[in-house]
J.: 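A single structure is presented below for examination.
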Amino acid sequence: MHRRGVGAGAIAKKKLAEAKYKERGTVLAEDQIAQMSKQLETFKTHLEEFASKHKQEIRKNSQFRVQFQEMCATIGVDPLASGKGFWSEMLGVGDFYYELGVQIIEVCLALKHRNGGLITLDELHHRVLKGRGKFAQDVSQDDLVRAIKKLKAMGNGFGMIPVGGSYLVQSVPAELNMDHTVVLQLAEKKGYVTVSEIRDSLKWERERASHVLDHLLKEGLAWLDSQAVGEPQYWLPALFSELLSRDVTPEEANQMTP
Amino acid sequence: MDRFVWTNGLLEMDETLVIQQRGVRLYDGEDKAKLDVGVVLLSTHRLLWRDQKNNECCICIPLSQVIFFEEQAAGIGKSAKIVIHLHPVPENKEPGPYQQSKYSYIKLSFKEHGQIEFYRRLTEEMTQKRWENTPVSQPIPTGVGTKAGRTRAVGIVGIERKLEEKRKETDKNISEAFEDLSKLMEKAKEMVEVSKSIANKIKDKQGDITEDETIRFKSYLLSMGIANPVTRETHGSGTQYHIQLARQLGDILQAPLEERGGMMALTEVYCLVNRARGMELLSPEDLVNACKMFESLKLPLRLRVFDSGVMVVQLQSHSEEEMIASALDNVSDKGSLTAEEFAKLLGLSVLLSKERLLLAEKMGHLCRDDSVEGLRFYPNLF
């Protein structure tokens, strides 16, 4: 970027350059930007028309939302990038997903003391729906996944780990590598795992298994039951949910921790 | 369970099967139904159940009878369930397995799992309410009567014609929405092409762009949701909108930050600000882009990214040395501290107190004792 040239000589030089470009039939960037402004107005009108006919469809129909999102992605547009974007303002998609983001953060925060910051997508879905009440818009798991993807921009370690056909949602910046992920997947069936099971299924040495389990303990993602019959069991609260602890609502959690 | 009626289990003309699941036992409220384990089927119009051993035993209930449903998680020795709350028994109900019941809800107990997908599909069907668009010709007891003037087609030809009509109508509604969407996307695609062309020209310096024009271009990209390909300019990726936003945040966040020891995780800020706004919410990216502008706008806040990737907003007045010094004081005072203990002491979140301790450690003032019991920090005497 450079200042526009000053002085008669510079002006003349510039006019020459512009003439050369125009000769070749190229449109200058600044002219194109001016043109884009008009095109944008036209597009906005089309979007308004679309919104007046189908805004409800997007709000009520999660399948339609998926289609919409996928089409946007294909052409290189992110309708959720900004609350100030046309899509957000006119179709209301923004508020839907951003509010969902808030609800996701709150649920994860409320349960963090219990599951260390790891929760199944199913449980997250269940609790978000519960928090929204009977009469709120339906939210699908696809909606949650998209909202979570957006939350990643805020750097707080939001991520998704594929486990048993669905996902575990991570909401703390705990470092989880492939080894940890594989053990989580193994534990998914019963909610807990033992060193022997890891050695049998994954064919790891004892040390590697212990190392991974210790890390999960340290991060608060696993609880140790050393009194289990046979050998110690490593339980993952993220996987056994409401069974053993009292339910904490987001309001209660807000009062508990700042 | 007294809402169910006997059925032959065959689907009606406009009725489609959505999902089925074996290994399901029915409950009349809290009591096990006097039926064995069976297959539960969800169609666009009804919920059906068929005995696995005796296929002739088949019952159903129209989806319009459902008020509300919820999941009941599995327990020790108990399968996961879906609880379905129902409208009162309609007067003209056909006979069913139960004459009366003291409960107004039933449960589906999934002994062979499958509840997750079933719940999802049930939610979809209850949202879309497809049975309203294409009511089946057989009288199903509902609150609403069958559509007037709909004659029962006779003969194969009549049936096929009716099927075609219905299909066309439903297709038309769906396809209109998708057609409009496709057309809209074509136009959006044009805008993307234009912006790419402009970005290339800016790169190749074909023409003379003023700062003004750059700012305008960026705001166009923001409106369309197109990623800014021309990065690292004087104002970063910020636009006028983000500048305004940054100033607003500068005002709104002063008090909350003071209350929380001068630092808040960005996710906390996101929730705080959006809950306050109620409408026209900020996207996560909006927030990040606005916070990036704090420094250049000389606002008393800073966006800070820790090694762990955690992003926080902190008060300018909160110097790093102060934080580290106070962390060291606290730890020395108590002999040693974990992140949780430190958090309680300062009234900070565990996440942020951990970051402070890590920072003090990085500067060499603290050292750690890392065990399965947790991470504990001690003053560094080395």
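The model shown is predicted, which means the values in this text are computed figures rather than measured ones. First the proteins, then the strands, lettered A, B, ... as listed; each starts at 1. In what follows, every heavy atom counts, from backbone to side chain, and hydrogens, waters and symmetry copies are set aside.
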J.: Given heavy-atom pairs under 4.5 angstrom as the criterion, report whether the side chain, backbone, both or neither of V194(B) touches chain A.
T.: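 It is both, since atoms from each part get that close.
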J.: Give, as side chain, backbone, both or neither, the part of N274(B) having an atom under 4.5 angstrom from any heavy atom of chain A.
T.: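 Looking at N274(B), just its side chain touches chain A.
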J.: Highest number of heavy-atom pairs under 4.5 Å with chain B: which of V77(A), L224(A), D95(A), D78(A)?
T.: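 If we count pairs closer than 4.5 Å to chain B, D95(A) comes out on top.
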J.: Any idea which of L213(A), L217(A), V102(A) has the most non-hydrogen atom pairs under 4.5 angstrom with chain B?
T.: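 Ranked by contacts with chain B, first place is V102(A).
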J.: Let me know if E89(A) has heavy atoms under 4.5 Å from chain B in its side chain, its backbone, both or neither.
T.: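 Contact with chain B involves no heavy atom of E89(A) at all.
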J.: What part of L47(A) is in contact with chain B, defined as an atom under 4.5 angstrom from a non-hydrogen atom: side chain, backbone, both or neither?
T.: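 Both parts, heavy atoms under 4.5 Å.
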J.: Is S166(A) in contact with chain B via its backbone, its side chain, both, or neither, using a 4.5 Å heavy-atom distance?
T.: neither
J.: Mind ranking S88(A), G94(A), A81(A), G83(A) by heavy-atom pairs under 4.5 Å with chain B and telling me who comes out on top?
T.: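 Among S88(A), G94(A), A81(A), G83(A), the one with the most close pairs to chain B is A81(A).
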J.: Does K218(A) have more than 12 heavy atoms from other residues, nucleotides or ligands lying within 6.0 Å of its NZ?
T.: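 Counting neighbours around NZ of K218(A), more than 12 heavy atoms of other residues, nucleotides or ligands fall under 6.0 Å, so yes.
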J.: Assess whether a salt bridge exists between R65(A) and E57(A), defined as any Lys/Arg side-chain N lying under 4.0 Å from an Asp/Glu carboxylate O.
T.: no
J.: Quick one: pull up OG in S37(A) and CD in Q32(A) and give me the separation to the nearest 0.5 Å.
T.: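 Those atoms lie 13.0 Å apart.
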J.: Considering only heavy atoms and a distance below 4.5 Å, find which of E193(B), K187(B), R216(B) pairs most often with chain A.
T.: K187(B)
J.: Select one option (side chain, backbone, both, neither) describing which atoms of S182(B) are under 4.5 Å from chain A's heavy atoms.
T.: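 Its backbone and side chain both get close to chain A.
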J.: Check the surroundings of atom CD in E49(A): do more than 12 heavy atoms from other residues, nucleotides or ligands lie under 6.0 Å from it?
T.: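 At most 12 heavy atoms, drawn from other residues, nucleotides or ligands, come within 6.0 Å of this atom.
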J.: Ion pair present between D286(B) and K84(A), side-chain N to carboxylate O less than 4.0 angstrom?
T.: no
J.: Does the pair E123(A)/R127(A) count as a salt bridge with the N-to-O cut at 4.0 Å?
T.: yes
J.: First locate atom CD of E71(B), then atom NE2 of H126(A), and finally report the distance between them rounded to the nearest 0.5 Å.
T.: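 These two atoms lie 6.0 Å from each other.
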J.: Between the side chains of D142(A) and R146(A), is the shortest nitrogen-to-carboxylate-oxygen separation below 4.0 Å, so that they form an ion pair?
T.: yes
J.: To the nearest 0.5 Å, how far apart are OH in Y270(B) and OG in S283(B)?
T.: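 Atom-to-atom, Y270(B):OH and S283(B):OG are 7.0 Å apart.
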J.: Determine the option with the most heavy-atom pairs under 4.5 angstrom with chain B, choosing from I105(A), L129(A), T74(A).
T.: I105(A)
J.: Heavy atoms only, distances under 4.5 angstrom: which of A34(A), G85(A), G101(A) has the most pairs with chain B? Name it, please.
T.: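 Between A34(A), G85(A), G101(A), the count favours G85(A).
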J.: Given that the side chain runs from C-beta out, which part of L80(A) has a heavy atom under 4.5 Å from chain B: side chain, backbone, both or neither?
T.: backbone
J.: Between C72(A), S140(A), P79(A), which shows the greatest number of heavy-atom pairs under 4.5 Å with chain B?
T.: C72(A)
J.: Heavy-atom count check: over 12 atoms from other residues, nucleotides or ligands less than 6.0 Å from Q56(A) CD?
T.: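 Yes, enclosed.
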J.: Among L222(B), L282(B), D180(B), L245(B), single out the residue with the greatest number of heavy-atom pairs under 4.5 Å to chain A.
T.: D180(B)
J.: Pick one of side chain, backbone, both or neither for F86(A), based on which atoms fall under 4.5 Å of a heavy atom in chain B.
T.: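 When you check distances to chain B, atoms from both the backbone and side chain of F86(A) fall under 4.5 Å.
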J.: For each of K344(B), M224(B), Q128(B), tally heavy-atom pairs with chain A at distances under 4.5 Å, and name the one with the top tally.
T.: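 Of K344(B), M224(B), Q128(B), M224(B) has the most heavy-atom pairs under 4.5 Å with chain A.
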J.: What do you reckon, is CZ of F342(B) surrounded by more than 12 foreign heavy atoms closer than 6.0 Å?
T.: yes
J.: Measuring heavy-atom distances to chain A, does L287(B) have an atom under 4.5 Å in its side chain, in its backbone, in both, or in neither?
T.: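 For L287(B), the contact with chain A is made by the side chain alone.
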J.: Using a cut-off of under 4.5 Å for heavy-atom pairs, which of C291(B), P284(B), S197(B) has the most such pairs with chain A?
T.: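 Counting heavy-atom pairs under 4.5 Å, the top option is P284(B).
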J.: If you take the centroid of each ring, where Trp contributes its six-membered ring, are F96(A) and W87(A) closer together than 6.0 Å?
T.: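 No, ring centres 6.0 Å or more apart.
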J.: Test side-chain contact (heavy atoms from CB on, under 4.5 Å) on M185(B) and F68(A) and set out the steps.
T.: CA-CA 9 Å; M185(B) 287 300 164; F68(A) 168 73; 3.8 Å; yes
J.: Less than 4.0 angstrom from a charged side-chain N to a carboxylate O is my criterion; do R275(B) and E106(A) meet it?
T.: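 Yes, charged N to carboxylate O under 4.0 Å.
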J.: Of the backbone (N, CA, C, O) and the side chain (C-beta and beyond), which part of D138(A) lies under 4.5 Å from a heavy atom of chain B, both, or neither?
T.: side chain
J.: Are there residues of residues 117-126 of chain B whose heavy atoms fall under 4.5 Å of chain A's heavy atoms? If so, which?
T.: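 So far as heavy atoms go, Y119(B), R120(B), T123(B) are the residues that approach chain A to under 4.5 Å.
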J.: Of the backbone (N, CA, C, O) and the side chain (C-beta and beyond), which part of Y241(B) lies under 4.5 Å from a heavy atom of chain A, both, or neither?
T.: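 Only the side chain of Y241(B) comes within 4.5 Å of chain A.
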J.: Just so I understand: if I count every heavy-atom pair under 4.5 Å between each of L184(B), V192(B), V288(B) and chain A, which residue has the most?
T.: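 Highest number of heavy-atom pairs under 4.5 Å: L184(B).
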J.: Does the ring center of Y105(B) lie less than 6.0 Å from the ring center of F68(B)?
T.: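 Aromatic pair excluded; centres sit 6.0 Å or further apart.
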J.: So, are E70(B) and K130(A) salt-bridged, with charged N and O less than 4.0 Å apart?
T.: no
J.: Do you know which of L375(B), V305(B), D370(B), L303(B) has the most heavy-atom pairs with chain A at a distance under 4.5 angstrom?
T.: D370(B)
J.: Salt bridge between K354(B) and E340(B), side-chain N to carboxylate O under 4.0 Å?
T.: no
J.: Assess, by modelled atom type and distance only, whether the side chains of E355(B) and S308(B) contain a donor and an acceptor separated by less than 3.5 Å.
T.: yes
J.: Relative to chain A, which segment of I116(B) carries a heavy atom at a distance below 4.5 Å: side chain, backbone, both, or neither?
T.: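 Side chain of I116(B) only, per the 4.5 Å heavy-atom cut-off to chain A.
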